[in-house]
Amino acid sequence: MLKLKLFRTFFKIGAFTLGGGYAMIPIIESEVVDRHKWIGREEFVDLIAIAQSCPGVFAINISTFIGYKLQRTAGAICAALGAALPSFLIILLIAMCFHRFMDVEWVAAMFRGIRPAVVALIAVPTFNLVKSARLTLETCWIPIVTALLIWKMGINPVYIILAAGIGGYLYGRFLKPTN
């Protein structure tokens, strides 16, 4: 039954991924594109772009889109619950027990050790997305300027997304050379 398989797959992804939705990208890609072959690589890149631009949690968005593509509403619900339930259960357990371990040095050291690994888990899909997006020397300035505008100038990412959409439309409509 595909709905149960969707739930189990996204539950496993949610249970064994540290660092949030972006750290899940390589695992989701491995499961959904490579292992189960539910969608193609190009469509996966498109779904990442859509999931990032929609409000809400990235992991829930992408699991919902994939579930919906495969099994409509029931698939979307199963995949989204599978992605969300492990985090919910883990956070609930931590919240119930954390006050007992806040001052234990090895627990604090463990969390300090996890941080660099999470950075790497986020960096790898970023580099993979750069390759998939086919950035060139002419276009590599776009993500760099975008990141600087958000980070240094505090510009709301919504404005960046709107400007990028308008810019992409205008480029495709008026400037893109025809072959």
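Quick caveat, the model's predicted, so the values are computed rather than measured.
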So how far is it from [X] [atom1] to [Y] [atom2], rounded to the nearest 0.5 Å?
X: I77; Y: R72; atom1: CD1; atom2: CZ; answer: 13.5 Å
X: L6; Y: I66; atom1: CG; atom2: CD1; answer: 8.5 Å
X: Q52; Y: I62; atom1: CD; atom2: CD1; answer: 8.5 Å
X: C78; Y: L2; atom1: SG; atom2: CG; answer: 9.0 Å
X: I48; Y: S53; atom1: CD1; atom2: OG; answer: 12.0 Å
X: S87; Y: I60; atom1: OG; atom2: CD1; answer: 7.5 Å

Identify, with sequence neighbours excluded, every residue that meets ring-ring contact (aromatic ring centres under 6.0 Å, His included) alongside F7.
-> F11

Does any part of the side chain of [Y], heavy atoms only, come nearer than 4.5 Å to the side chain of [X], both counted from C-beta?
X: V119; Y: I122; value: no
X: L170; Y: L175; value: no
X: F65; Y: I50; value: yes
X: N128; Y: I25; value: no

Minimum heavy-atom distance between [X] and [Y], given as atom pair plus value:
X: A83; Y: A59; answer: CB-O, 4.2 Å
X: A79; Y: S63; answer: CB-O, 3.1 Å
X: C140; Y: P143; answer: O-CD, 3.3 Å

Tell me if a side-chain donor or acceptor on [X] pairs with a main-chain N or O of [Y] at a distance below 3.5 Å.
X: T9; Y: K5; value: yes
X: K37; Y: D34; value: yes
X: T146; Y: I142; value: yes

Are [X] and [Y] connected, step by step, through hydrophobic side chains (Ile, Leu, Val, Met, Phe, Trp, Tyr) whose heavy atoms are closer than 4.5 Å?
X: I28; Y: L47; answer: yes
X: W141; Y: Y159; answer: yes
X: V107; Y: I114; answer: yes
X: M24; Y: V33; answer: yes
X: W38; Y: I27; answer: yes

Enumerate the residue pairs fulfilling side chain to side chain donor-acceptor pair (under 3.5 Å) with a member in residues 108-122, sequence neighbours excluded, ordered by first and then second residue.
-> E105-R112

Among V32, L85, T64, which one satisfies side-chain contact (heavy atoms from CB on, under 4.5 Å) with F10?
-> V32

